[in-house]
Engineer: 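This is the structure, below, for whatever I ask next.
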Amino acid sequence: MAYSEKLLDHFKNPRNVGTLDKGSKTVGTGLVGAPECGDVMRLQIEVDEASGKITDAKFKTFGCGSAIASSSLATEWLKGKSVDEALSIDNMEIVEELALPPVKIHCSVLAEDAIKSAIADYRKKNGEAVEAAASSEKA
Amino acid sequence: MIYLDNNATTPADPRVVDTMIPFFYENPGNAASRNHPYGWVAEEAVDYAREQIANLIHVDPKEIIFTSGATEADNLAIKGVFEMYSRKGNHIITCTTEHKAVLDACKKVEKMGGEVTYLDVKGDGLIDLDELKAAITDKTVLVSIMYANNETGLIQPMKEIGEICEEKGVLFMSDATQAVGKIDVNPKELGIHLMAFTSHKMYGPKGVGALFVNRKNPRVKVTAQMDGGGHERGMRSGTLNVPGIVGFGKAAEIAMKEMKQDAERLSKLRDKLEQTLLANLEECEVNGNPAHRMPHVSNISFKHVEGEGLMMTFNQNIALSSGSACTSASLEPSYVLVAMGVGDELAHSSLRFSLGRFTKEEDIDYAIEAVTKGVNHMRDLSPIWEMYKEGVDLSSVEWSEH
């Protein structure tokens, strides 16, 4: 199938590939998906405690081109946002930005799950109430 | 662009196309037109092609029924035998790694009141002959086992299956789409009574295939699945695709002369591809028993890398297939590999390389380089590769299924 230029760009030049120290108190890690399903996303955020803003985001993804592009885009969007702002990222924004075909919408859902899961992990480490579960009803 | 997807379809041989062209212009006749020269020329051309195709598989030309392709031939054989032999029984035996054309025709038979046994395959992809023997009952009318698998190239033990069917007195049908024209196929010697195959997997045009139907000892008949003018000895109505059949015939003639040398050359290239990739990259597995394979096919799983993503690293330059769910309409990973016990994760990570007559050594060298680079790149991006490298036992991780 033919993918959009933006998707191909994120696939060919993925942004923010890497690993943050998952033991650090300022880092939240989300690991979603399963190898048997063909997608695993690990998304990490680093939060500046003083400002509450996300200063860094990294990902690694096992998956198809859309899954890789969705997670790459998510890391770009996360940087500079507050944790609350990050929680409001909706998978449909990813679908629109990358022009994901209908069969690939689950990749964007997985990226949203990864964001929520990383934030939940960060909040748990920092004793905050975890109201946003990593699960999403949109799949 | 390098084409390594010859199991999906082969490019037409230019010699084939050249023989077809006059049958669009100078000789546009209908082979069933009995009263003018246009019809006679067309009929003669069809008869000649029928002979070329019969020669390739060592059968009588009268035993070739032309169809629109192997899917139609599979349907005609399975549903046609089921209907024709309904007084004898209603049970068909096939296996789980068959092509959808066979599996879905069998599902239809079940809806029509038949019973179907789907034999499992062993880890090497081959059926268990004892299981086959045990599955045959006095209601069994047909055993349908493919000659060579489209995804793995695995060749089933045809001769042994033929002997079992002979002993038990049941008909043996084989979908030989991936084998005919690539290796020597001799249904009479193997005890195959019905055999489906197609032109576009042997460098002929698309849209034309054939069903071999044994005429003597036993005389096999199938109930027509399409009603009409009673063409093809009443088994398949419909105006014959004369240019397609002419091309199919030429493709068969070329295959007969060249398939042996093609197979020798391609098996060397395939082995080079496979061995170099396995040497370049750790954690790769060849799927299927290498001792029972078509010479031009290799199916490899690259652990911790997803197949569609991997293909996207080089699909501007190399065409091939993957068992990844993301490349299938069903969003399920390859059922063939899963049936072999490969596991969903490794099925997602598989690539199928299928070489062909026009594959050159430099194509293989390029593919080796591109795939090696692609796998390394995708592993750098893969969290499970990182976890594997850190010594994490991936089976102990609690994954969130979705």
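Just so you know, these numbers come straight off a predicted model, no measurement behind them. Each chain gets a letter, A, B and so on, in the order its sequence line appears, and its residues count up from 1.
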Engineer: If I measure from the heavy atoms of chain B, does A:Pro35 come under 4.5 Å with its side chain, its backbone, both, or neither?
Structural biologist: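 Its backbone and side chain both get close to chain B.
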
Engineer: Which residues satisfy the side-chain hydrogen bond (donor to acceptor under 3.5 Å, both in side chains) test with B:Thr198, sequence neighbours excluded?
Structural biologist: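 In terms of side-chain hydrogen bond (donor to acceptor under 3.5 Å, both in side chains), with neighbours along the sequence ignored, B:Thr198 is linked to no residue.
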
Engineer: Can you name the nearest heavy-atom pair linking B:Trp399 to A:Val40, along with the distance?
Structural biologist: CZ3-CG1, 3.6 Å

Engineer: Just verifying a value: how many Å separate A:Leu7 CG and B:Met312 CE, rounded to the nearest 0.5 Å?
Structural biologist: 5.5 Å

Engineer: For the backbone of B:Glu386 and the side chain of A:Lys60, can you confirm whether one donor and one acceptor N or O come within less than 3.5 Å of each other?
Structural biologist: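 No: the side chain of A:Lys60 does not pair with the backbone of B:Glu386.
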
Engineer: Assess whether atom CD of B:Glu282 is packed by more than 12 heavy atoms of other residues, nucleotides or ligands within 6.0 Å.
Structural biologist: yes

Engineer: Among A:Gly63, A:Cys107, A:Gly65, which residue forms the greatest number of heavy-atom pairs with chain B at distances under 4.5 Å?
Structural biologist: A:Gly63

Engineer: For A:Lys81, is the NZ atom crowded, meaning more than 12 foreign heavy atoms sit under 6.0 Å from it?
Structural biologist: yes

Engineer: Which bit of A:Ser71 comes within less than 4.5 Å of chain B, counting heavy atoms only: side chain, backbone, both or neither?
Structural biologist: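 Answer is neither: A:Ser71 stays 4.5 Å or more from chain B.
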
Engineer: Who wins among B:Ser382, B:Ser349, B:Gly343 for the most heavy-atom pairs under 4.5 Å with chain A?
Structural biologist: B:Ser382

Engineer: Specify which of A:Ile68, A:Thr61, A:Leu31 makes the most heavy-atom pairs with chain B at under 4.5 Å.
Structural biologist: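 If we count pairs closer than 4.5 Å to chain B, A:Thr61 comes out on top.
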
Engineer: Identify which part of B:Glu398 has an atom lying under 4.5 Å from any heavy atom of chain A, answering side chain, backbone, both or neither.
Structural biologist: neither

Engineer: Once salt bridge (charged side-chain N to carboxylate O under 4.0 Å, His left out) is applied, do any residues pair with B:Asp344, and if so which ones, sequence neighbours excluded?
Structural biologist: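 Here no residue qualifies.
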
Engineer: Looking at B:Lys122, I want to see if its NZ is surrounded by more than 12 non-hydrogen atoms of other residues, nucleotides or ligands under 6.0 Å.
Structural biologist: yes

Engineer: Using only atom types and a distance under 3.5 Å, with no angle test, would you say the side chain of B:Glu306 pairs donor to acceptor with the backbone of A:Cys64?
Structural biologist: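 Answer holds: yes.
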
Engineer: Just so I understand: if I count every heavy-atom pair under 4.5 Å between each of B:His348, B:Arg379, B:Met378 and chain A, which residue has the most?
Structural biologist: B:His348

Engineer: Counting only heavy atoms from other residues, nucleotides and ligands, does the tally under 6.0 Å from CD of A:Glu85 exceed 12?
Structural biologist: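 Above 12, so yes.
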
Engineer: Can you tell me which of B:Val397, B:Leu381, B:Asn315, B:Leu310 forms the most heavy-atom pairs within a distance under 4.5 Å of chain A?
Structural biologist: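 The option with the most such pairs is B:Leu381.
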
